[in-house]
2 protein chains.
Amino acid sequence: MKYPKKVIIAEVGPRDGLQNEKKILPAHVKADLIDKAIEAGYKVIEVGSMVHPKAIPALADTAEVFKMIKNKDKADLRVLIPNFKGAERAIAAGFKKIKLTVSISESHNLANFNRKPEETIASFTDSINLARENGVAVSGAMATSFGCPFEGEISIQQIDEVVKQFTALGIMELSLSDTTGMANPKDVYEKCIYFKEKYPEVTWNLHFHNTRGMAMANILAAMEAGMDRFDGAFGGLGGCPFAPGASGNIASEDIVHMLELMGIETGIDIDKAIEIAREVREHVEHDLDSCMLKAGKVSDLVLERPKGQIKPGK
Amino acid sequence: MKYPKKVIIAEVGPRDGLQNEKKILPAHVKADLIDKAIEAGYKVIEVGSMVHPKAIPALADTAEVFKMIKNKDKADLRVLIPNFKGAERAIAAGFKKIKLTVSISESHNLANFNRKPEETIASFTDSINLARENGVAVSGAMATSFGCPFEGEISIQQIDEVVKQFTALGIMELSLSDTTGMANPKDVYEKCIYFKEKYPEVTWNLHFHNTRGMAMANILAAMEAGMDRFDGAFGGLGGCPFAPGASGNIASEDIVHMLELMGIETGIDIDKAIEIAREVREHVEHDLDSCMLKAGKVSDLVLERPKGQIKPGK
């Protein structure tokens, strides 16, 4: 079994988590959470999205949030943009990295962006040019890479078509995203091996939801294929619109915990990561799918129960 | 990435799940659930435990439950026994397989059985002899194989000492059990590779709790090490006494679902498995940590949403 020595975990909770919450957190709370995440050691954070404010009200203040972050220079802060207008707003707000998203599945892309995937990709050119003129980095994400709720399985070839277009546009940081928690370890391994080998110059990122309990196994499979960058959301925020009540993104602190036990370096302080998740739970005012919040670390279990004080009951 | 073509999932919910429930289900309900599990394709089921009725009231009716199971001959039905008295009762009840458990950790064994591990193992001889005289099969389980809440890490050498004693007694079916959800994929892989290679004549079983979200990744790691038998509990029943509210056993139906997506045969009908978990949820009257109950299968998601009817919202 192979896995990397170091892994980078991107905290996407401020965007992919909070966008699903009924309660909208004030900008200063979001900025403070992001500063705490930077302080905890997260090196990549997705701050928000430059969608139309009416489309996702919870993210309407993304520019303001960015402005309020104190340690902007200590992490790679990216923002999702859906179109050229979003790119303009992101750059005006001062972001140094934008993320362009397209869905591999035509039905899903139509449902989300009201256009075909190739139309979405064609629309990227202007945003990319604007970003380059302003010294802003660009990354790309491919939603439904591991299955689409409308179309079912997504093939390597379908993804590859889009990867070709992204790389032709000079986008060399790409995310394979499991938008609705459909990925399984076999599919993940096969796709990761293929893309890692075919595009060694690309910085690959994986985005898993834990909707069907497979996210940690998918991370393991991806690591075995040589992948070393994963998205997570504090507290496991963020659901799937098709599965109310089901788990959302895999909890960042749960990933950090597992990797730490495996001796894989993340640079993230697990206790601080759990503390952030705890604070997020208070803000959103509902329980979260975070094993760390519910059960605590393995080491807590041991440290809290010295040998002398045993009597568990059965 | 290697994994087996076929995997056997043992349903331990009737024992390791229901023993933790406040609400005690009537014997006929348990027997009916077990018959439904057999009908769904589970080939190994842990029916209960022959502990002192006062120790675990929820399992006091194990003999009665066994008597009421209609399709006894269609599955490998085992019962946990804590001592010779338990072996006598199990054999009198008609069980054809008993399971002997010892904790690798001395502190844990003392806490659970009030004796040292070597005393527990020494006490097995009489039970094994009685079983053999009656044509009853014997399996063994080693609790805290992946960590102990009192002692912390458990080494391969510590486990090996116990494996030697079990195999010297002729017990050739053994379970490495993660009693309190402390296992991580690296530790699992290393231990599985070691024991699978050193004891190829042993039928190995793995028992994972999902307390810290790592059970599915641990199953993947174990499969890569050549293991192909895993315990699960319907609905993910069964908690950890040290982590109230945390997940218990990994849900059997979640394992079946993942393996099916990976093309690994379990012989279990996933829809029937989910239906059993749903029924269990009704009986225990509280929510369960089952992704299948919360989110459903990947294939449901796709089948329920034909291309024409899309509009997820965002």
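Below, chain A is the first sequence line, B the second, and so on; all start at residue 1. Source: prediction; values computed, not measured.
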Checking A251(A) against chain B: side chain, backbone, both or neither under 4.5 Å from a heavy atom? neither
Looking only at heavy atoms and a cut-off of under 4.5 Å, which of S105(A), A221(A), A215(A) has the most pairs with chain B? A221(A)
K294(B) and D289(B): CA distance, side-chain angles, deciding distance, salt bridge (Lys or Arg N to Asp or Glu O under 4.0 Å) verdict: CA-CA 8 Å; K294(B) 289 177 183 165; D289(B) 275 312; 3.5 Å; yes
Among G213(A), G152(A), P185(A), which has the most heavy-atom pairs under 4.5 Å with chain B? P185(A)
Side chain, backbone, both or neither of K2(A) within contact of chain B (heavy atoms, under 4.5 Å): neither
Indicate yes or no: at least one non-hydrogen side-chain atom of V298(B) is less than 4.5 angstrom from one of R212(A). yes
Against chain B, label M292(A) side chain, backbone, both or neither, depending on which of its atoms sit under 4.5 Å from a heavy atom there. side chain
Closest non-hydrogen atom pair, S145(A) against K191(A): O-NZ, 2.9 Å
So for Y3(A), is it side chain, backbone, both, or neither that comes closer than 4.5 Å to the heavy atoms of chain B? side chain
Is the side chain of T144(B) donor-acceptor paired with the backbone N or O of S103(B) at a distance under 3.5 Å, no angle test? no
Just by modelled atom types, is the T211(A) backbone N or O under 3.5 Å from a matching donor or acceptor in the S247(A) side chain? no
Contact class of N218(A) relative to chain B, heavy atoms under 4.5 angstrom: neither
Determine, for D271(B) against K297(B), whether the closest basic-nitrogen to carboxylate-oxygen distance falls under 4.0 angstrom. yes
